[in-house]
Amino acid sequence: MCGIVGYVGARPSQDILIAGLARLEYRGYDSAGIAVITDDGALEMRKRAGKLKVLRDDLAAHPLTAGNTGIGHTRWATHGGPTDENAHPHLGDDGKLALIHNGIIENFAELRDELAGQGYTFKSETDSEVAALLLGREYRELGDMLAAFRAVAGRLEGAFTLIAVHEDLPGVVLGARRNSPLVIGLGEGENFLGSDVAAFIEHTHLAMAIGQDQIVQMTADAVVVTDFEGNPVDTTSFEVMWDASASEKGGWSSFMAKEIAEQPEAVANTVRGRVRDGAVVIPELDGLDDLLLGISRIVIVACGTASYAGLVGKYAIETWSRVPVELDLAHEFRYRAPVIGPDTLVVSISQSGETMDTLMAVKYAREQGAKTLSICNTQGATIPRESDAVVYTHAGPEVAVASTKAFIAQMTALYVFALHLGRVRGVLDPADAAVHVQELESIPAKIQRVLDEEQAHVEQLAHWMADTRAVLFLGRHVGYPVSLEGALKLKELAYIHAEGFAAGELKHGPIALIEPGQPVFVLVPSPRESPLLHSKIVSNIQEIRARGARVIVIAEEGDAAVLPYADEVLRVPLTGPMFEPLLAVVPLQIFAMALATAKGLDVDQPRNLAKSVTVE
Ligand code: M6R
């Protein structure tokens with residue numbers, strides 16, 4: 001939930017830490033801080049409430065003394081509000097060590113009482129300060145910083161990434177992780193730590209993920225990774241596939257605008273390398289045919305936008321592979337005693353690969369003997385590492401907090417997986433599969449057409465609707481999850497009350513919400529491809545129109561049947577019925593972004609949110 005960066009090398013660390021935090025600010029942005037071991041061997045720290053800019057301006061006016069070892073943190077508050085005192089780093093009681101933390105220390109009350117009983121006092125309301133004070137105490141008792149760090153990691157319960165520096169160990173950064181991310185960046189004569197590779201991508205593309213319950217001791221020339229008991233562990237490094245410029249705004253007004261524009265590429269990259277002779281063959285699933293043949297059901301677990309992608313995936317997997325699929329919100333899954341076992345494949349979907357609710361669902365599934373497959377956008381993240389197999393989405397880094405291109409890439413990966421599964425299980429006719437593959441390969445160009453032809457229209461519409469207080473979204477079949485996503489985008493970006501409904505459900509209650517002038521977006525399926533669904537939704541439009549709704553339809557080019565009942569028509573190209581979400585969601589993303597912009601809001605960092613939710 002917070003962003004963490006560490007550096008040790010030959011260069012002054014302050015600017016490297018601040019640049020790393022800027023790339024991690026999407027993880028939390030209510031306060032930030034850094035600590036540096038100066039060239040004179042002293043610990044200096046600065047931390048400020050507010051966005052990173054507040055800290056950056058402060059440091060520009062009053063820089064810390066130069067030093068080549070340091071740690072930095074950008075926070076999303078859990079324990080204690082966003083104040084200077086609650087910002088990280090936190091100091092040990094003698095002021096000689098600084099520690100930063102991401103996650104939640106579940107036994108912090110017990111540890112705080114223990115420390116308070118020994119006379120320790122606290123400057124903040126955070127759970128994290130407990131770890132800093134504990135580290136100071138253990139160091140005094142053991143006389144060995146690494147042993148003290150191991151002892152602290154072993155005492156903490158819950159989720160944590162900790163990194164720390166101490167005046168007695170200039171040139172050393174210590175890190176530990178459990179259920180929370182930490183990645184090493186391997187440079188030449190310098191090394192880095194980060195919550196994800198974005199923290200150091202401008203300096204090195206060579207990375208190493210730290211496993212669960214592991215500790216790293218990092219100097220400029222070496223990284224030593226052990227478990228919490230100090231036993232050496234195997235490590236593997238990997239090459240980061242994307243470039244620093246991929247996580248920069250370039251000339252765009254916002255990361256979100258850039259990421260919406262990158263969606264054709266996200267789809268193309270996610271399909272690339274997974275089609276052979278007109279059929280989908282996912283190389284990462286080589287050798288897993290027996291696993292895929294042995295399952296009798298699939299449960300998809302995910303949160304937020306990823307769960308809406310999962311709902312689209314349910315329709316595709318059931319249609320093309322005939323394997324029954326259930327969808328669970330990951331945070332509900334393990335608390336409802338789900339019936340799963342060795343014949344169940346639990347498919348998790350997560351852009352970050354670090355969402356705690358989803359991670360816990362995956363761990364629970366494994367404990368119950370289920371097989372696990374992760375659909376993830378982040379190399380080396382925790383969820384794919386905890387899963388039996390992974391199918392990566394190749395959307396590139398997504399920086400804006402509200403998901404756009406990751407959603408499109410998740411749906412694409414699910415289509416690809418459904419086609420792969422249908423082929424392996426022998427239930428999908430190869431000729432039909434080839435038609436679907438061809439259609440999928442045509443999607444990037446069609447998304448581009450929506451962007452080119454509808455963006456200005458949608459922005460104008462959003463501008464007119466800047467005072468709107470509530471918006472409804474209706475869809476059927478795969479249009480239903482799109483309606484949910486359209487509503488979520490509007491809520492999180494523009495702070496407008498919005499609800500998505502299955503259009504058929506409206507008459508069972510929500511139609512009471514319709515009053516004259518109420519804006520309703522309706523996702524209309526293709527009249528050619530889905531005539532039955534089309535006629536049903538036209539009836540639904542008539543029902544709301546008769547009650548005064550202002551109807552904005554998203555309909556296929558040439559669909560004239562909607563014209564008599566629509567106040568506005570946004571057009572998307574014809575595609576196969578299963579793929580309609582990849583096109584229909586684009587105007588809804590643009591609408592939410594444009595309306596938020598019209599209201600003067602920050603579309604990249606909406607209030608109260610963080611990109612990666614690493615608490616349950
Ligand atoms: O990283 P994940 O895909 O696991 O994140 C899941 C949700 O937290 C995320 O999709 C969230 O709903 C976004 N704010 C949506 O824009």
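Remember, predicted model here, so these are calculated numbers, not experimental data. Whatever order the structure lists them in is the order used to number ligands and atoms, beginning at 1.
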Exercise. Which residues pass the side-chain hydrogen bond (donor to acceptor under 3.5 Å, both in side chains) test with E453, sequence neighbours left out?
Worked result: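 With sequence neighbours excluded, E453 shows a side-chain hydrogen bond (donor to acceptor under 3.5 Å, both in side chains) to no residue whatsoever.
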Exercise. What residues form a side-chain hydrogen bond (donor to acceptor under 3.5 Å, both in side chains) with Q214, not counting sequence neighbours?
Worked result: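 Applying side-chain hydrogen bond (donor to acceptor under 3.5 Å, both in side chains) to Q214 gives none.
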For [X], atoms of ligand 1 separated by under 4.0 Å from a heavy atom:
X	result
E492	13 (C), 14 (N), 15 (C), 16 (O)
S403	15 (C), 16 (O)
V401	14 (N)
A306	3 (O), 10 (O)
C303	6 (C), 7 (C), 10 (O)
G304	12 (O)
S350	1 (O), 2 (P), 3 (O), 4 (O)
A402	16 (O)

Exercise. Judging by distance only, is a nitrogen or oxygen of Q351 under 3.5 angstrom from one on ligand 1?
Worked result: yes
Problem set entry | Any N or O of K489 closer than 3.5 Å to N or O of ligand 1 | yes
Seminar exercise, completed: Closest heavy-atom approach to atom 1 (O) of ligand 1 among A330, A309, S348, S352 is made by S352
Problem set entry | Geometric cation-pi criterion, R75 with Y29: 6.0 Å, 45° | no
Any idea which protein heavy atom is nearest [atom], and the distance to it?
atom	answer
atom 9 (C) of ligand 1	T305 N, 4.2 Å
atom 4 (O) of ligand 1	T355 OG1, 2.4 Å
atom 8 (O) of ligand 1	V613 CG2, 4.2 Å

Problem set entry | Presence of salt bridge, K371 and D388, under 4.0 angstrom | no
Exercise. Any salt bridge between R274 and E284, counting N to O under 4.0 Å?
Worked result: yes
Exercise. Is there side-chain contact between L588 and F521, with at least one heavy-atom pair below 4.5 Å?
Worked result: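 Side-chain contact under 4.5 Å: yes.
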Problem set entry | is_close_aromatic(F501, F473), centroid dist under 6.0 Å |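 Not under 6.0 Å, so no.
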Exercise. Which value, rounded to the nearest 0.5 Å, describes the distance between W76 atom CH2 and E25 atom CD?
Worked result: 15.5 Å
For this session: Look up atom CG in L490 and atom CD in E485, then write down how far apart they are to the nearest 0.5 Å.
Result: 11.0 Å
Problem set entry | Proximity to ligand 1 by part of L609, non-hydrogen separation under 4.0 Å |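 No part of L609 comes within reach of ligand 1.
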Exercise. Any idea how H79 and F108 line up, ring-wise: parallel (<30°), tilted (30 to 60°), or perpendicular (>60°)?
Worked result: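 Perpendicular, since the angle between the ring planes exceeds 60°.
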